[in-house]
Number of protein chains: 2
Amino acid sequence: MQTEPMPAEQMQAEQMRAEQVQAEQVAAFRRFNRYFTRRIGALDDHYLGQGRPLGEARLLFEVADAETGVSLRTLRARLGLDAGYLSRMAKALEAQGMVRISVHPDDNRLRMVELTPAGHVELKEQNRRADVRTADLLTGLDGRQRTELTEAMATARRLLRLAAITVERVDGAAPDARACLEAYAADLTARFGSFTASDLVGPEEVSGATGAFFVAYEEGRAVGCGGLRTLEPGVGELKHVWVHPGARRLGLARRLLEHLERAAAERGLNLLRLDTNASLTEARAMYRACGYREIPAYVDHVYADHWFEKRLPPATPLR
Amino acid sequence: MQTEPMPAEQMQAEQMRAEQVQAEQVAAFRRFNRYFTRRIGALDDHYLGQGRPLGEARLLFEVADAETGVSLRTLRARLGLDAGYLSRMAKALEAQGMVRISVHPDDNRLRMVELTPAGHVELKEQNRRADVRTADLLTGLDGRQRTELTEAMATARRLLRLAAITVERVDGAAPDARACLEAYAADLTARFGSFTASDLVGPEEVSGATGAFFVAYEEGRAVGCGGLRTLEPGVGELKHVWVHPGARRLGLARRLLEHLERAAAERGLNLLRLDTNASLTEARAMYRACGYREIPAYVDHVYADHWFEKRLPPATPLR
DNA sequence: ATAGTTCTTTGACTTTAGTCAAAGGTTCTG
DNA sequence: CAGAACCTTTGACTAAAGTCAAAGAACTAT
């Protein structure tokens with residue numbers, strides 16, 4: 001089947017319609033945005049800051065979020081604050097008995113901040129109050145509407161997160177890449193026991209003209225990865241496609257696949273293979289949905305018991 | 001069919017499950033809330049305040065929102081600001097040439113604020129930039145995901161608005177009630193020409209032991225109303241159920257009906273009637289969905305051509 | 001007409017938020 | 001081991017945000 005070139009007028013009409021949709025979507029997004037930040041966000045800030053400057057309250061929440069201690073350095077990056085400003089706020093919280101500040105055991109330059117028991121109590125109380133406020137707000141709706149609302153919010157959050165995640169090509173030996181691969185290895189070890197870090201492909205295989213390695217970032221954190229290497233001329237293999245547990249069910253693996261496939265096409269590969277395990281049912285469904293079909297074993301691994309391949313269309317230039 | 005009294009243990013289990021659901025919904029709500037205000041809200045504030053204090057920028061937006069002039073008094077209520085603070089900010093915007101401040105024609109105490117042409121230009125530019133930022137954010141998603149996201153947001157906004165609307169019983173002669181009825185009359189006049197304000201029921205009919213009048217409020221604004229009067233012993237009539245155009249499709253009319261029906265039951269009425277017009281197809285569908293069934297004409301109005309009634313169950317005490 | 005209310009303005013603050021640069025330890029790198 | 005790079009603290013600021021109370025002008029109800 002061949003695609004006919006489209007008449008100019010029709011194409012223009014289509015594009016205009018696409019822009020129209022886009023404009024309407026942008027407007028809907030911003031409508032929500034304004035409504036939500038004004039109504040809910042403002043309210044939240046108001047209550048969050050009860051008895052404490054908003055900045056300090058936010059800092060306290062960020063410290064609590066980390067569960068274990070966080071360095072001032074990390075907090076600075078996450079909250080985007082000035083070093084001096086942060087230093088003073090942390091001290092204020094320490095003076096209030098909410099946090100404990102200590103020196104990092106391995107690096108004496110770093111200060112670690114963690115909640116004191118009193119801080120935990122305070123946070124718990126704040127959370128309780130916020131829960132009550134939220135529940136109050138929800139009582140204006142019946143059960144079905146509540147369900148609908150929370151589902152819509154979950155959907156929106158999922159897609160907003162996905163939209164904010166970027167996938168970047170990095171060297172297979174880069175710290176972020178290694179961190180992902182180690183997490184991936186730990187995952188497999190926990191699941192299959194027999195997996196060891198030596199089963200990972202080397203950085204040199206997933207770089208240069210015959211391979212590639214991608215890392216997905218969410219707000220600066222590496223939350224997923226995937227590698228491509230060449231098995232034989234024209235045939236590539238996907239390795240170590242992994243997504244951080246906290247970033248699953250967003251559709252991120254699919255995005256990683258898209259990048260890997262594009263890289264493969266750019267390298268002149270027209271066939272991609274991969275192996276996976278029966279226990280990863282979702283992964284298998286995802287591969288199938290993305291056009292991969294099951295094939296007999298092309299390689300042997302301790303954990304692999306399903307093999308897939310996909311024929312790639314000829315490379316298309318980046319729009 | 002008779003409802004069996006539920007065994008105590010089962011009831012408790014049910015209640016616990018309900019609370020469980022509720023807790024999960026509250027948690028989902030708050031998760032979204034935190035994510036959204038942190039990611040989008042903060043970003044928005046950052047850009048909103050470019051070249052101008054955030055407070056002034058917000059004020060400018062609020063003035064623009066009103067389209068026609070707004071009084072400082074209203075702005076104060078909407079933004080929750082101190083009178084002195086607001087007075088100064090308004091002056092600052094005036095000095096920048098963004099707004100014009102004048103005295104209210106009917107009340108010399110009030111100051112009216114409205115955008116100057118320069119203010120309109122400025123706002124337009126700000127909006128354009130915000131649109132670009134939003135579009136950028138959306139490019140991280142494919143067309144289907146974008147649609148899904150904007151639909152989820154529209155749903156969430158609709159339900160949040162509905163949750164925030166309160167319905168209150170007020171005197172039929174109260175200013176808010178009159179304002180709603182006038183808007184209602186204007187609606188009908190625009191549609192049918194022949195409707196006049198004298199076709200409205202009098203305040204005395206929708207009050208006391210034989211009637212009731214309800215007004216729906218959204219953030220302090222009256223956005224809907226509905227009246228109940230007694231036609232004959234045991235038979236009531238719903239009159240002037242109306243929802244502000246900007247608050248339609250939220251499910252508000254249904255809420256008004258619930259209040260009216262409860263009031264009717266409390267007054268010992270067991271049959272409710274109402275009339276409506278064929279052109280109000282949505283209203284008719286809503287009445288049907290709420291258990292009203294079509295009956296022959298029980299009264300004659302210039303605009304009425306459909307009549308409904310509903311038999312009420314015996315009064316149940318407020319939970 | 002008069003007393004009480006309402007709305008805005010003004011002056012005189014305080015607190016919060018945020019910036020900048022110098023300086024003092026620490027750690028990394030060649 | 002010397003110098004560069006890092007991380008935090010401190011001092012010295014500025015700008016924005018917000019509060020309070022007094023006072024004046026305008027309206028409303030009696």
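This one's a predicted model, so the numbers in the text were calculated from it and none came from an experiment. In what follows, chains are A, B, ... by sequence order, proteins preceding strands, each numbered from 1.
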Closer than 4.0 angstrom, basic N to acidic O: yes or no for A/Glu125 and A/Arg129?
yes

Of all residues at least two apart in sequence or in a different chain, which pass the salt bridge (charged side-chain N to carboxylate O under 4.0 Å, His left out) check with B/Glu67?
none

Under-4.0 Å salt bridge between B/Asp45 and B/Arg39:
no

May I ask you to check if B/Arg133 and B/Tyr47 form a cation-pi contact, with NZ or CZ under 6.0 angstrom from the six-membered ring centre and within 45° of the axis?
yes

Distance-only, no hydrogens or angles: does the B/Arg111 side chain make a donor-acceptor pair with backbone N or O of B/His104 under 3.5 Å?
no

Please check this pair: side chain of B/Ser87 against backbone of B/Ala83, looking for a donor-acceptor N/O pair closer than 3.5 Å.
no

Check: A/Cys225 main-chain N/O paired with A/His240 side-chain donor or acceptor under 3.5 Å
no

Axis-to-axis angle across the helix from C/dA1-D/dT30 to C/dG30-D/dC1, five pairs each end, nearest 10 degrees, ~ 30°

Under-4.0 Å salt bridge between A/Glu94 and A/Lys91
no

Specify the residues of residues 81-103 of chain A, ordered by number, for which at least one heavy atom lies under 4.0 angstrom from an atom of DNA chain C.
A/Asp82, A/Tyr85, A/Arg88

Taking B/Arg221 first and then B/Glu218, would you say they form a salt bridge - that is, a charged N and a carboxylate O separated by under 4.0 Å?
no

Set of salt bridge (charged side-chain N to carboxylate O under 4.0 Å, His left out) partners for B/Asp136, sequence neighbours left out:
none

Positional range of nucleotides in DNA chain C within the contact set of chain A, heavy-atom, under 4.0 Å
C/dT16 to C/dT27

Using 0.5 Å steps for rounding, measure from the CZ atom of B/Phe214 to the CG atom of B/Leu228.
8.0 Å

Quiz: residues 71-78 of chain A side-chain donor-acceptor pairs under 3.5 angstrom, not counting sequence neighbours:
unit_1, atom_1, unit_2, atom_2, d
A/Ser71, OG, A/Thr74, N, 3.1
A/Ser71, OG, A/Thr74, OG1, 2.7

Enumerate all atom pairs, one protein N or O and one N or O from nucleotides 24-26 of chain D, separated by less than 3.5 Å.
unit_1, atom_1, unit_2, atom_2, d
D/dA26, O3', B/Asn108, N, 3.4

Could you name each residue pair satisfying side-chain hydrogen bond (donor to acceptor under 3.5 Å, both in side chains) that touches residues 204-216 of chain B, not counting sequence neighbours?
B/Glu205-B/Arg229

Taking the cut-offs as 6.0 angstrom to the six-membered ring centre and 45 degrees off its axis, would you call A/Arg157 and B/Phe36 a cation-pi pair?
no

I need the residues from residues 67-77 of chain A with at least one non-hydrogen atom less than 4.0 Å from DNA chain D; give them sorted by number, or say none.
A/Leu72, A/Arg73, A/Arg76

Once you round to the nearest 0.5 Å, how far does CD of A/Glu219 lie from CD1 of A/Ile165?
9.0 Å

Pair B/Glu182 + B/Arg178, salt bridge at N-O below 4.0 Å
no

Residues of residues 35-48 of chain A with a heavy atom under 4.0 Å from any atom of DNA chain C, listed by number, are none

Checking A/Asp65 now: which residues fulfil salt bridge (charged side-chain N to carboxylate O under 4.0 Å, His left out) with it, not counting sequence neighbours?
B/Arg34

Closest non-hydrogen atom pair between B/Gly246 and B/Arg161, with its separation:
O-NH2, 2.8 Å

Are the side chain of B/Thr116 and the backbone of B/Arg100 linked by a donor-acceptor contact shorter than 3.5 Å?
no

Strictly below 4.0 Å, heavy-atom distances to any atom of DNA chain C: list the hits from residues 51-66 of chain A, or just say none.
A/Pro53, A/Leu54, A/Gly55

Report yes or no: does B/Arg255 contribute a side-chain atom to a donor-acceptor pair with the main-chain N or O of B/Leu162 at less than 3.5 Å?
yes

